[in-house]
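Sequence lines set the chain letters: A, B, ... in the order given, protein chains first and strands last, and positions in each chain run from 1.
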Amino acid sequence: MERDMTVKSIPLAATSSGARKATDLAAALTNWRVLLSIAALCLLPWVLPSKALAVNVLVYGVLAMGYNLLFGYTGLLSFGHAAFFGAGAYVTGIAIGQFGVPWYGAVLLGVIGGGLLALAIGALSIRTRGIYFSMVTLALAQLVYHVALQASSWTGGENGLRGFTVAKIDIAGFSINFLDPVSKYYVLMVFAALALWFVSRILNSPFGAAIEAIRENETRARTCGYDVERTKLISFVLSGLICALAGTMSALHLAFVPLDVLHYQTSGMIVMMTLLGGASSFFGPFVGALAFLLMEDVFSLWTSHWQIIVGSIFILFVLFLPKGIWGTFLARVVR
Amino acid sequence: MDAELILIQLFSGVALGAILVITALGLSIIFGMLGVVNFAHGALFMIGAYAGLWVASLTGSFWWGLLVAPIMIGVFGMAIEWLLVRPLYGRSVDDPLLLTFGLSYVLVEAVRIVFGNDGIPFPTPSQLTGVANLGVGYFPIYRLFVIVVVAVVLLLLWLALEKTKFGLIVRAGSRDPTIMRVLGVNISKVWLLVFGVGVGLAALGGVLAGPMRTVNPEMGSLVLIEAFVVTVIGGLGSLLGSVVAGLLVGVAISMTALFAPEMGTIVMFALMALVLLVRPRGLFGKAA
Amino acid sequence: MAMLEVQDLHAWYGASHILHGVSITVRQGEVVALVGRNGAGKTTTIRSVMGLMPRISGGIRFDGADLTALKAHDRYRLGLAYVPEERRIVPGLTVRENLQLGLVASAAKINEREAIDEIAESFPRLKERLDQEGATMSGGEQQMLAIARAMIGRPKMILLDEPSEGIMPVLVEEMGVLFRRLRDQGVTLLLVEQNVEWALRLADRAVIVDQGEVVHESSSAALLADKAIQERYCAV
Amino acid sequence: MNDAIRNLGQRKISRRAALAGLGAGASFLAMPWVARAADDTIRIGFPTPLTGPYAAEAKDQVKSAELAIKLVNDKGGIGGRKVELLVRDGKLNGGEAATRTLELIEKDKVHAVVGALSSAVQLAVNEVTRARGVIYISISQSDTINEKKDSSKYTFHEAMNPHMTTAAVARHAFKKGNKVAHLVADYAYGHEMLRGFKRAQAAIGAETVGELLHPIGAPDYSTLMPRLRAMKPDILCISNFGRDQANSIKQAVDFGMKQQMKIVVPVLLHNQRLAVGPEVFEGVVGGANYYWELESKLPSAKTFNDAFRAANGGAIPTDYGAYGFTGVSSLLLAMQAAGGTDTEKVVAALEGLKYDVAKGAQHYRKCDHQSVQSVLVLESKKKADMKGANDFFNIVENEAPSEDVLRSCKELGFPA
Amino acid sequence: MSAPLLAVENVGRRFGGFVALDGVTAQFEPNKVTSIIGPNGAGKSTFFNVLSGVLTPSTGSIRFKGQNLTGTRQHKFVHLGIARSYQITNIFPELSAHENVRVAAQAARSRYNIWRNRSHFPELGERADAALDSVGLGGKHNETAKFLAHGQQRALEIAIALVSDPEVLLLDEPTAGMGPEETKDMVALLEKLARDRTILLVEHKMKMILGLSDRILVLHHGRLIADGSPRDIQADPDVRRVYLGQNDGYA
């Protein structure tokens, strides 16, 4: 079974066919994507039913965006990204709670920690291909889960990591009440904005072109002179860094790190969000995170069996809308 | 630590390995033939246990459950292949994996709706209760029975693959589906049947596990991971690999239990990481 | 009576348009050689007939049946067999098992043991190696096995893609004898060949394909004599 | 084949009835989408894992918590204010539960939170409530939450903790000179239970012949059984929870351990006994906070059971389910005493509260806010001795409430 | 005669027991077109794969400008100055024609730069434009590659190889699947390229080969059986035997 290149498209690539207006819209969406995203995020807490849900959209949006760098843009289906999310959260929590590191230092350490773990897991798994890669990342991430479970003096084990509540954040003489949901949202939104900017930067950079080339046609990319393995590993680590940032955001938000962040179900959720929103599109992961969390919210109010609905919707997307919500929107409406 | 304990521990490892083998085998068969990683394998294992229980409750006999449930769920697996997996052939290799991942959510929740969240008792069949003295220690008769069943299934599978016309088609088809087509074989039908057999094996694993463990909607989630680890160690798609790796993991866990039983799960993953470092394609995996 | 009729056949690989309207008729019991240079479209033509091309247009009729809507496996069951260029001996299987593959889906009621015995008589080299792994044999032996596998289901017609390719001359001659015998038994053969002279000596009729089109059709004797045409379409 | 299997069909029906009973809960669940008018309703948040392996326990908790609310509302509420229960699905995931709790506090402006089923989720909820000064009545068993590090002025612990249950079980089950082997889930809760057992053991004079730790969530214990047997204990203490408990007891029985030793667990779980069946559990001894049979001796239990039966089509409340009732009831009693929802006043009222709503006299200890309560020791019945479908256990001991069975305040890190 | 730019010495490659390439020795001089022909299975693809680093030879060595390339990783070949095209169109289907070529152009430099915008490297875009223009895709820069006509995709294929400005260009059946008109355009393009580049060509269209080539190598069963001018090759008895099939003692 050949890998079909048409499944994952780059909806933002401009075309000469189609209505001129639509092309302008597509171009505007691309050129202003970071600012547009930030504008949308600014409004988010006021349109969603709760601020906590809005913060979750930030956290999981960043997480899915980091994941999308690898899955959507580099074409590698990892099933172990919970490890980097969790690493970011745990390192941040441990740094604050056990070493008294100030919050900004802890965030930095969290991101670095996640990146180092990504380097280790990436180095091991990048040598494998296709489905093997998915299974190996899954299994290595489960190993991390079990190590965190055993190392309870550091991680709190099954009880989860706690005791690092950040009540206020001091920046340049200002003191922000971090327990206030609105302030917390906008502080964390700054992180999300940085992540959006960073990912947009990567995608616009020569490196961004290189990973897309590898996704499109690995053989040809190698023939063109790309060291494919090295490029994939860098992409893996960058993706891990962003997912770790999402982890640190989650830790600051909840003041708690549940062991579940490392479980493969979390990895599965990241995949679902990314695919629902639209892999290999810039807005897709945030759209997916929003759609998934809203769906979970709405359906779990109707029935405790919401997973059957979410699972069915996911199946339908895989079968009929592999471009996800945003990708389909771009393909059908914008073009 | 005496020799007797080490011997019985070794035996426990082999017995545990037999259970791991049966859980990994279906996954491996489906991958070997269709190139599909069935993420719903664990859920189907669980459904197998429920189906076994259901048939047993209708007929009043465990034996009917053991016989009928795998066939029933196997047919259900064929429906899954036909309805859901088949449209994805020719698309990205990731798609069947993603689809079956979604399917596992649906199946687990469906069982919760029908049978509830609690477990359900699955008593050991009365003919197989009790323990047997193996000379070096005691072992439940039911587990000995499971080892026998696994051995018989392996033997039957081997015979079916090596000695029958269908087995010949499967062996050849997993290596070269195109040549089978030009020799008149409708390879889609073969894939359908193989998917059914793989799912049936998952269900058989579930029925066998029922009397050893509690039957509940979550019983498949760890099984899926175990099956993954075993197939990765053995080499994806290699049946012999699954058998060897399953026994290896079982023995590794039981030997660990002599020193640090709490590390049982970690040992399984560590073993896998080690194998990957030395042989990225698994012990019996073929080069790409 | 026409065994195979190909009409205005076009074929594509993706955007690549390989055949530009090929029409060939093969009568029952006839041996036709399809010749031409590498890349001319010979292989694509017989792959299209067998139902292995992703996209074609045009008409293909075999023994009175319209093939265009049929899958490859149905075409085999109608009595159309195919020996691919790469031979495709299934690795890991013995010679006997590879032969059995030719029977597993054959429409004809054939006793497997008798059929294998019979084939073994025709291919003494295979007879000695029935329980050896097929893929470990030499190229020529593998080619013999591929042909035997196609023959064992007693097809009405066999499509052969470069059977002489990479094979010792003595075996090529043996193969020629075999093909003649097949023709005498009433089996129709369509032979794609690069070994022009050998093919022409074997065939009743010859068709030359060049750049996806039929450029010449004649009796093979006539073509054998016409060095100019040969030079033009087959030589360097 | 036993009754449990033949009863499968019937179980389905009763389950459907149970789900219908949850309809009331579902109607509350629909609330977050409605803009909440500023009213004087008293709102109590109730995060509980409606999805996941403990959904059955969680649904029992919801039912009994709703019963507590209903009883108060039927009497006109608290100071004329209606009480409302806001149930949220914590999905047995600390992160989810913390998020739901944040929503309850920030958006629904709840006056207090009651709930959580697992130790981890309880600690997550506690982290959120204590940072925001919200009253939290936790109803999950854990020693951790009693310790100074995780304690909070606003957190009260209605559920028993492993220290109490193991002590009571050990006092009943261990004799001087007994040899005890321990099989322990390798995580905080398991370690806590082990610690409790060993402490009680030391006082009694029973000897530990071995401890084996197992990974949490392990489905197979066969590789541990030969070693446990080789220890030749009189008593096998299995310190784990839920599915682990069911699996490990079942496999210990399969390995013929029960013929040679007594099996003891810190907490006997109604739903696990239901899931595995009477044969396996026969003779197993363990602790409990509540068992419906108490009604024969205790009037408050009878009142609770009757009200519960009336509201739920004749079903009886289960052990973990009862926590929903006792936890919410204690809060409502304190609110009544405090004359409203003022946090400081309610905290003071809780600290001074003496209550008996279902399982005898209870009060919250001052330093760690642990509910001092009686501890039941149960023994699982033989199938032949069961008088009804819910007649699972014999109450072999009912230890009176006493602060002496708790770890001392000093030990927990509080100033004496 | 100028010094050889590229030289292979006794190069062989086996796959398991099968010898695909058997001790080929040849030198290639600058700015010449050399065609490699031979029947199916002659080893032409293997030869190309060895020359472009896709496969490591089992025996022998490859020298480029005096440097031994044996064992060099594939992606380095293009940096050294050896680029190739593929027989089956091998492009980046979802990218525009311009992006296809520019991503190839940047492989030589700024590959791992994640800090600069792609637009900070205008010379890459210019080179891509130039390469597209030179293969006759002037008006198609923004067309998504998979929507281009087959002939245009073949031209894009060559532009991708060309943009690295290689000294040696390996072209594997550039006219595969093309009609006569498209073939004519391609031949014109190759003639243009041949003026200042060393080109190795695998082709089947004999007229085209005879017209374009300075020299022809004939492979058969992995061995080099003839090496000479088109005229020599046409007259070579071994070659005639291979193509027209008079039998001899071949194994």
Side-chain angles (χ1 to χ4, degrees), chain A residues 45 48-56 59-60 85-86 89 93 97 145-146 149-150 152-153 156-167 178-182 184-185 250-251 253-261 263 265-266 293 296-308, chain D residues 19 22 25-26 28-35 49-52 55 58-59 87-89 91-108 118-128 130-133 142 144-145 149-150 185-191 215-217:
Chain A
L48 286 184
S50 83
K51 309 287 179 289
L53 180 62
V55 175
N56 269 356
V59 170
Y60 289 104
F85 181 59
Y145 172 91
H146 286 280
L149 176 61
Q150 291 295 329
S152 56
S153 57
E158 149 81 16
N159 268 343
L161 183 67
R162 58 210 184 277
F164 60 94
T165 305
V166 177
F178 206 65
L179 293 180
D180 175 60
V182 176
K184 179 163 76 180
Y185 178 84
S250 161
H253 166 46
L254 296 175
F256 183 79
V257 183
L259 184 63
D260 313 65
V261 291
H263 198 265
Q265 301 276 7
T266 305
L293 292 170
E296 195 182 75
D297 225 57
V298 174
F299 295 140
S300 66
L301 292 175
W302 287 348
T303 166
S304 61
H305 300 296
W306 56 275
Q307 290 194 5
I308 202 167
Chain D
L19 284 176
L22 268 181
F28 284 113
L29 287 174
M31 299 301 274
W33 292 91
V34 183
L50 291 172
T51 40
K59 284 167 185 169
V87 179
R88 296 291 180 271
D89 187 0
K91 296 169 190 149
L92 204 68
N93 173 323
E96 279 288 334
T99 306
R100 297 286 91 83
T101 308
L102 278 173
E103 284 175 356
L104 286 166
I105 295 170
E106 292 167 357
K107 180 168 135 289
D108 300 311
S118 79
S119 176
V121 169
Q122 167 199 54
L123 291 164
V125 173
N126 184 49
E127 212 61 20
V128 172
R130 76 167 170 178
R132 288 160 183 81
S142 159
T144 311
I145 198 153
K149 196 162 125 309
D150 283 290
D186 187 23
Y187 72 123
Y189 185 49
H191 297 178
I216 180 179

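One distance of note links OG of A:Ser50 with CG of D:Asp108; it measures 8.5 Å at 0.5 Å rounding. From A:Asn56, atom CG reaches atom CD of D:Glu103 across 8.0 Å, with rounding to the nearest 0.5 Å. Note: A:Arg162 CZ to D:Arg130 CZ = 8.5 Å, rounded to the nearest 0.5 Å. Expressed to the nearest 0.5 Å, how far CG of D:Leu102 lies from NZ of A:Lys184 amounts to 4.5 Å. Here D:Leu123 contributes atom CG and A:Leu161 contributes atom CG; the two are 11.0 Å apart, rounded to the nearest 0.5 Å. To the nearest 0.5 Å, atom OG1 of residue D:Thr99 and atom CG of residue A:Leu53 are 9.0 Å apart.
The part of D:Asp150 that comes within reach of chain A is its side chain, from C-beta onward, which places non-hydrogen atoms under 4.5 angstrom from that chain. For D:Ile105, no part lies under 4.5 angstrom from a heavy atom of chain A. For a residue to count as touching a neighbouring chain, one of its non-hydrogen atoms must lie under 4.5 Å from one of that chain's; by this rule A:His263 does not touch chain D. With a 4.5 Å cut-off on non-hydrogen atoms, D:Gln122 does not touch chain A at all.
With hydrogens and angles left out, the side-chain atoms of D:Ser119 and A:Asn159 include a donor and acceptor closer than 3.5 Å.
Here the closest non-hydrogen pair linking A:Leu254 and D:Ala98 is CD2-CB, 3.7 Å. Smallest separation of non-hydrogen atoms from D:Ala131 and A:Leu179: O-CD1, 3.2 Å. Pairing each heavy atom of D:Gly95 with each of A:Pro258, the nearest pair is N-CG, 3.2 Å.
D:Glu127 contributes a side-chain N or O that, together with a main-chain N or O of A:Gly163, makes up a donor-acceptor pair within less than 3.5 Å.
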Q) Should D:Arg100 and A:Asp297 be marked as a salt bridge (Lys or Arg N to Asp or Glu O under 4.0 Å) after you check the CA-CA gap, both sets of side-chain angles, and the distance that decides it? A) CA-CA 10 Å; D:Arg100 297 286 91 83; A:Asp297 225 57; 3.4 Å; yes

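Interface summary for chain D: among A:Gly157, A:Ser250, A:Ala255, the most heavy-atom pairs under 4.5 angstrom belong to A:Ala255. When each of A:Ser152, A:Gly156, A:Gly160, A:Pro181 is checked for heavy-atom pairs under 4.5 Å with chain D, A:Pro181 comes out on top.
Put simply, the side chain of A:Phe256 does not reach to within 4.5 Å of the side chain of D:Val128, judged on heavy atoms.
A salt bridge does not link A:Asp180 to D:Arg132: none of the charged side-chain nitrogens sits closer than 4.0 Å to a carboxylate oxygen. Under a 4.0 Å N-O distance rule, the pair D:Lys91/A:Glu296 qualifies as a salt bridge.
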